[in-house]
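This report refers to the structure that appears directly beneath it.
Numbering starts at 1 and runs along the sequence shown.
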Amino acid sequence: MTGGSSGIGLAIARMLREQGFELTLAARRPDKLEAAAQEIGALAVPADVAKEDDCRRVVAEHGDRYGRLDVLVNSAGVGFAGSVDDLPTKRLDLQLDVNLRGLMLVTAAALPLLREARGLIVNLASIAGTIPTPLLPVYGAAKAGVIAFTNSLNRAEQDHGVRATALSPGFVATPMTEWNELPAEEMIQPQDCAEVVRLLLRLSPRARIPHLVIERVVARPS
């Protein structure tokens with residue numbers, strides 16, 4: 001699992017551990033990663049998915065430790081708010097590299113193991129990839145690419161029994177959305193995303209959900 005040290009990724013990791021899965025967590029910050037891995041008894045692999053070698057190493061270390069891969073969760077993500085003409089090229093590249101390119105590279109490396117297990121891929125997209133997002137233009141474009149890539153994966157891998165779902169939540173109460181003025185209690189919770197993944201695990205091998213949107217409920221003033 002990439003992006004497994006906090007937020008949505010960690011919530012999903014906790015749920016998978018409850019379900020009896022042996023886990024590998026990958027993230028950039030070794031301190032947060034080690035703390036999360038120790039909490040749930042997972043293998044910690046410090047990695048930056050913007051780097052091709054790190055993407056392949058995460059999968060290789062998981063395979064060496066466990067010998068199989070039943071569920072791949074691509075949860076690593078980064079976003080910067082602002083209009084596209086104000087966005088430094090470095091920040092543009094980073095969003096594409098982490099949110100889309102890295103996700104593709106990890107998936108490509110993992111496919112041989114996933115085919116053996118007839119496994120499940122969960123790609124964290126975003127509601128920003130489904131609607132116009134003027135303040136998140138590159139992030140939204142990258143997440144739209146994740147959705148398109150997931151749909152293509154399903155067609156390409158169906159003979160191997162590999163299924164993929166793009167999960168597109170609205171604002172989730174994580175460190176990544178702290179810039180938003182919404183109170184955390186009014187946002188979607190990371191555990192909500194984990195419960196959706198739990199549902200995916202309960203489907204028969206003949207069923208798949210290519211794309212799933214989680215909307216935030218907006219309460220009207222009483």
Side-chain angles (χ1 to χ4, degrees), residues 1-14 16-17 21-80 88-117 119-126 129 138-139 141-143 145-150 152-153 157 162 164-167 174-176 190 193 197:
M1 170 182 295
T2 67
S5 64
S6 65
I8 297 172
L10 181 55
I12 295 173
R14 287 170 174 151
L16 291 174
R17 195 72 184 95
F21 287 89
E22 299 287 354
L23 299 177
T24 297
L25 302 186
R28 285 190 307 113
R29 290 182 52 184
D31 53 344
K32 288 182 64 177
L33 177 63
E34 286 293 342
Q38 286 187 15
E39 175 198 332
I40 61 176
L43 171 66
V45 181
D48 181 352
V49 298
K51 299 177 180 179
E52 180 178 356
D53 289 346
D54 282 14
C55 293
R56 303 191 186 284
R57 181 169 53 80
V58 168
V59 177
E61 292 197 24
H62 177 89
D64 289 345
R65 169 68 69 90
Y66 300 115
R68 63 179 290 139
L69 178 59
D70 296 278
V71 182
L72 170 65
V73 179
N74 286 305
S75 183
V78 62
F80 301 104
T89 302
K90 182 177 181 180
R91 288 193 165 188
L92 186 154
D93 289 344
L94 183 61
Q95 291 180 92
L96 294 176
D97 286 348
V98 172
N99 297 328
L100 184 57
R101 178 177 176 270
L103 178 148
M104 290 178 170
L105 289 173
V106 172
T107 300
L111 276 176
L113 286 171
L114 288 164
R115 288 166 180 160
E116 289 179 9
L120 171 68
I121 302 169
V122 178
N123 292 327
L124 262 296
S126 169
V138 178
Y139 180 82
K143 294 300 187 177
V146 169
I147 296 166
F149 177 64
T150 304
S152 296
L153 266 179
E157 295 300 319
V162 176
T165 297
L167 186 58
T174 70
M176 192 171 171
C193 299
V197 177

Looking at [X] and [Y], what are the two nearest heavy atoms and their distance?
X: I147; Y: A125; value: CG1-CB, 3.8 Å
X: G77; Y: N99; value: CA-OD1, 3.0 Å
X: A108; Y: P112; value: O-CD, 3.8 Å
X: S126; Y: Y139; value: OG-CE2, 3.7 Å
X: A36; Y: G4; value: CB-O, 4.2 Å
X: E34; Y: A44; value: OE2-CB, 3.8 Å

Rounded to the nearest 0.5 Å, how far does [atom2] of [Y] lie from [atom1] of [X]?
X: N123; Y: L72; atom1: CG; atom2: CG; value: 7.0 Å
X: F149; Y: K143; atom1: CZ; atom2: NZ; value: 13.0 Å
X: L111; Y: L69; atom1: CG; atom2: CG; value: 9.5 Å
X: L105; Y: L100; atom1: CG; atom2: CG; value: 9.5 Å
X: L103; Y: D97; atom1: CG; atom2: CG; value: 12.5 Å
X: L33; Y: Q38; atom1: CG; atom2: CD; value: 10.0 Å

Q) Taking 4.0 angstrom as the limit, do R56 and E52 come out as a salt bridge? A)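 The answer is yes: the pair qualifies as a salt bridge.
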Are [X] and [Y] close enough that some pair of their side-chain heavy atoms sits under 4.5 Å apart?
X: L113; Y: V59; result: yes
X: L124; Y: I12; result: yes
X: F80; Y: V138; result: no
X: R57; Y: D54; result: yes

Only pairs under 3.5 Å count here: list side-chain donor-acceptor contacts from residues 22-30, not counting sequence neighbours, and write none if there are none.
{"residue": "T24", "atom": "OG1", "partner": "H62", "partner atom": "ND1", "Å": "2.7"}
{"residue": "R29", "atom": "NH2", "partner": "D31", "partner atom": "OD2", "Å": "3.3"}

Q. Is there a donor-acceptor pair under 3.5 Å between the side chain of S5 and the backbone N or O of K32?
A.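 Side chain of S5 to backbone of K32: no pair is present.
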**Q.** Single hit among L120, I121, T107 for side chain to side chain contact (heavy atoms under 4.5 Å, CB included) with V162
**A.**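 That would be I121; it is the only one of L120, I121, T107 passing the side chain to side chain contact (heavy atoms under 4.5 Å, CB included) with V162.
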Q: For L16 and V73, run side chain to side chain contact (heavy atoms under 4.5 Å, CB included): C-alpha distance rounded to whole Å, both residues' side-chain angles, the deciding distance at 0.1 Å, then the answer.
A: CA-CA 10 Å; L16 291 174; V73 179; 4.3 Å; yes
